Amino acid sequence: MKDKINFFQKQLEYYEDNRFGAMTLMLTFQSCLGSVAAMFSLHHNNTIALAICAVMTMASNAAFISQAPSKWCLNIFYLSVIANTIIIIYGLLQ
């Protein structure tokens, strides 16, 4: 458990040191991942997955653009990546 906390703390420090560069990379990656998840959701006519995908992606984008605290940005980013990845995997398995 302590290793996980240290890993997250290191990422917070990196994010703070390189805030605008890291924010740009994370925003771009997460938006592309969200659009792929949205494509799979639309392909399978799954509006619930599409809504989850859109909400998580837009929440992450909003946190980055509004320059929310670092912990918020990283937590919302990770939740968005996990949710969109699950939607993509679900879409591939159908």
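What's counted below: heavy atoms across the whole structure, side chains too, no hydrogens, waters or symmetry copies. Remember, predicted model here, so these are calculated numbers, not experimental data.
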- Message: Applying side chain to side chain donor-acceptor pair (under 3.5 Å) as the test, list every pair that has at least one member in residues 33-44; sequence neighbours left out.
- Response: H44-Q94
- Are L79 and F7 linked, directly or through other ILVMFWY residues, by side chains that come within less than 4.5 angstrom of each other? no
- Message: Hydrophobic cluster membership, with links at side-chain heavy-atom distances under 4.5 Å among I/L/V/M/F/W/Y: are M56 and I88 in one?
- Response: no
- Considering the options N45, I87, L42, which one meets the side-chain contact (heavy atoms from CB on, under 4.5 Å) requirement together with L50? L42
Side-chain contact, heavy-atom cut-off 4.5 Å: [X] with [Y]?
X: N84; Y: V36; value: no
X: F20; Y: M23; value: yes
X: N75; Y: F8; value: yes

- Note on the structure: Contacts of I76 meeting side-chain contact (heavy atoms from CB on, under 4.5 Å) (sequence neighbours excluded), chain-then-number -> A59, S60, A63
- Go through the structure and list residues passing side-chain contact (heavy atoms from CB on, under 4.5 Å) with N46, not counting sequence neighbours. I48, A49, Y90
- Task: Before giving the answer on side chain to side chain contact (heavy atoms under 4.5 Å, CB included), spell out for C73 and M26 the whole-Å C-alpha distance, their side-chain angles and the decisive distance to 0.1 Å.
- Result: CA-CA 10 Å; C73 288; M26 294 165 85; over 6 Å; no
- Message: For T85 versus V81, what's the shortest heavy-atom pair and its separation?
- Response: OG1-O, 2.6 Å
Could you measure the distance from the [atom1] atom of [X] to the [atom2] atom of [Y]? Nearest 0.5 Å is fine.
X: T28; Y: L33; atom1: OG1; atom2: CG; result: 12.5 Å
X: R19; Y: F64; atom1: CZ; atom2: CZ; result: 9.0 Å
X: F29; Y: T24; atom1: CZ; atom2: OG1; result: 15.0 Å
X: L27; Y: C32; atom1: CG; atom2: SG; result: 9.5 Å

